Amino acid sequence: MLCDEDEGLDVEGREKSGTRTAVVTGCSRGIGAAIGSRLRHAGYEVVEIQRTSAHVSADLGQWRSAPDAWARAMALAPRGVDLLVLNAGASRDGAFVMVEPDDLTRCFDLNVFGALLLAREALRYWTAARRNGHVVMIGSQAALPGTRDADVLYTASKGAIHAAVGPLAREYGPLVRVNCIAPGDVATQTERALVARRRRVGVDAEAAWHEVAARSALGRWVQADEIADTVLFLERCAAMTGAIINVSGGTSIH
């Protein structure tokens with residue numbers, strides 16, 4: 001695929017050469033749901049992997065299940081898989097001094113080990129089939145320079161994902177591309193609940209929501225659909241691999 005729609009895509013975003021298939025993790029709500037919806041609108045077949053799904057039910061936090069989850073996803077993709085979006089993730093809210101070993105394990109099991117092992121299965125498939133593929137990891141602006149007020153475990157786990165992007169892109173190019181999106185504060189119901197819980201004494205939930213928005217250069221929250229649009233941008237721009245795209249409204253600008 002090329003960046004220029006006139007070269008490889010029609011106006012609806014569908015490839016002229018046929019339907020592509022994407023496997024997306026963590027699609028039940030928020031960013032993952034937006035990605036799945038946007039890909040379907042663009043003409044993709046989408047296979048979902050999440051804890052409870054009509055497609056593949058799997059807890060990737062139990063990372064040893066990743067090969068089985070991939071095999072079941074492949075069984076639902078008779079034309080094969082072209083794109084893997086690793087969106088499933090978890091954080092542990094609260095002060096780092098209160099972290100227990102189990103908290104660290106749960107966060108890294110899903111955010112790092114589950115994601116990387118599912119990526120491994122996709123890479124094995126594409127290399128064995130000599131088929132072009134694309135991995136898009138959902139990282140976090142929290143793991144980029146300039147971050148403020150980030151959860152330590154979540155940031156560390158997303159930093160590990162960021163660190164893997166370049167080496168994977170180098171090792172598996174030109175056959176497979178590997179890219180990452182680093183969202184900032186995305187306006188989801190989960191985030192609204194977190195902001196309400198973390199607000200300072202004397203600050204109501206709505207004011208706290210606006211305080212977070214004010215951290216960015218654009219003065220607003222990122223929308224889940226904007227992350228989904230970035231996935232499609234990466235799909236269409238075949239020159240991009242090993243990239244980490246900051247989609248945060250300029251939160252890290254000083």
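Since we're looking at a predicted model, the values are computed, not measured.
R51 CZ: 12 or fewer foreign heavy atoms inside a 6.0 Å radius. The environment of R120 atom CZ is dense: over 12 non-hydrogen atoms of other residues, nucleotides or ligands sit within 6.0 angstrom.
Checked for salt-bridge contact, D229 and R38 meet the test: a charged N lies under 4.0 Å from a carboxylate O. Salt bridge absent: R20 and E45 never bring a charged side-chain N and a carboxylate O closer than 4.0 Å.
To the nearest 0.5 Å, atoms OH (Y125) and CZ (R131) are separated by 3.5 Å. The distance from the CG atom of L153 to the CZ atom of F96 is 6.0 Å, given to the nearest 0.5 Å. I35 CD1 to R40 CZ: the interatomic distance, rounded to the nearest 0.5 Å, is 11.5 Å. Taking NZ from K158 and OG1 from T155, the interatomic distance works out to 10.5 Å, rounded to the nearest 0.5 Å. Here the CZ atom belonging to R72 is positioned 12.5 Å from the NE2 atom belonging to H55, to the nearest 0.5 angstrom. Rounding to the nearest 0.5 Å places NE2 of H162 at 6.0 Å from OG of S140.
Using a 4.5 Å heavy-atom threshold, the side chains of I181 and V231 count as touching. In this structure, V165 and C180 have side chains that are in contact, with non-hydrogen atoms separated by less than 4.5 Å. S57 is not listed as a side-chain neighbour of Q50, based on a closest heavy-atom distance of 4.5 Å or more. In this structure, the side chains of L86 and L60 stay at 4.5 Å or more apart for every pair of heavy atoms. Put simply, the side chain of E235 reaches to within 4.5 Å of the side chain of L83, judged on heavy atoms. The side-chain heavy atoms of I245 and M240, taken from C-beta on, include a pair separated by under 4.5 Å. Looking at heavy atoms from C-beta onward, Y44 lies out of side-chain contact with T21 at the 4.5 angstrom threshold. In this structure the side chain of Y172 never reaches within 4.5 angstrom of the side chain of T241, judged on heavy atoms.
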I227/V186 under side chain to side chain contact (heavy atoms under 4.5 Å, CB included): CA gap, chis, key distance, verdict: CA-CA 9 Å; I227 306 304; V186 180; 4.2 Å; yes
Between V222 and V247, does a side chain to side chain contact (heavy atoms under 4.5 Å, CB included) hold up when you go through it step by step? CA-CA 8 Å; V222 177; V247 187; 4.2 Å; yes
Run the side chain to side chain contact (heavy atoms under 4.5 Å, CB included) check on I161 and L116 step by step: do they pass? CA-CA 8 Å; I161 288 297; L116 289 180; 4.1 Å; yes
Going through the checks in order, is the side chain to side chain contact (heavy atoms under 4.5 Å, CB included) test met by I244 and L144? CA-CA 9 Å; I244 300 174; L144 297 175; 4.2 Å; yes
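In this structure, the side chain of N179 engages the main chain of A243 through a donor-acceptor pair within 3.5 Å. Q62 contributes no side-chain N or O that, together with a main-chain N or O of D59, makes up a donor-acceptor pair within less than 3.5 Å. In this structure, the side chain of H41 does not engage the main chain of G36 through any donor-acceptor pair within 3.5 Å. S216 contributes no side-chain N or O that, together with a main-chain N or O of G250, makes up a donor-acceptor pair within less than 3.5 Å. Under a 3.5 Å cut-off, the side chain of N111 and the backbone N or O of S157 do not form any donor-acceptor pair. With hydrogens and angles disregarded, no donor-acceptor distance shorter than 3.5 Å links the side chain of R177 to the backbone of V136. No donor-acceptor distance shorter than 3.5 angstrom exists from the side chain of D68 to the backbone of S65, with no hydrogens or angles considered.
Annotation: side chain to side chain donor-acceptor pair (under 3.5 Å) contacts of W63 (sequence neighbours excluded): D109.
Both M74 and V135 sit in one connected hydrophobic cluster of ILVMFWY residues. Membership requires side-chain heavy atoms under 4.5 Å apart, directly or through other members. V56 and L84 fall within a single hydrophobic cluster, where Ile, Leu, Val, Met, Phe, Trp and Tyr are joined by side-chain heavy atoms under 4.5 Å apart, directly or via other members. Using a 4.5 Å cut-off between side-chain heavy atoms of Ile, Leu, Val, Met, Phe, Trp and Tyr, with links allowed through other members, V81 and L232 fall into different hydrophobic clusters. In the hydrophobic clustering of ILVMFWY residues, with side-chain heavy atoms under 4.5 Å counting as a link, V178 and L39 come out apart. L168 and W126 fall within the same hydrophobic cluster, defined by Ile, Leu, Val, Met, Phe, Trp and Tyr side-chain heavy atoms under 4.5 Å apart, directly or through other members.
When all heavy atoms are compared, the tightest approach of S53 to E48 is OG-O, 3.6 Å. G114 and A66 make their closest contact through O-CB, 4.4 Å (heavy atoms, listed as atom of the first residue, atom of the second, distance). In this structure, V23 and A73 approach most closely via the heavy-atom pair CG2-CB, 4.1 Å. Nearest heavy-atom pair across W221 and A213 is CD1-CB, 3.6 Å. Smallest separation of non-hydrogen atoms from Q141 and G184: CB-CA, 3.8 Å. What you find for D225 and A34 is that their closest heavy atoms are OD1-CB, 3.6 Å.
Ring geometry, F113 versus F108: the interplanar angle falls from 30° to 60°, so the pair is classed tilted.
Each of I138, T251, N246 was compared with P183 under the side-chain contact (heavy atoms from CB on, under 4.5 Å) criterion, and only I138 meets it.
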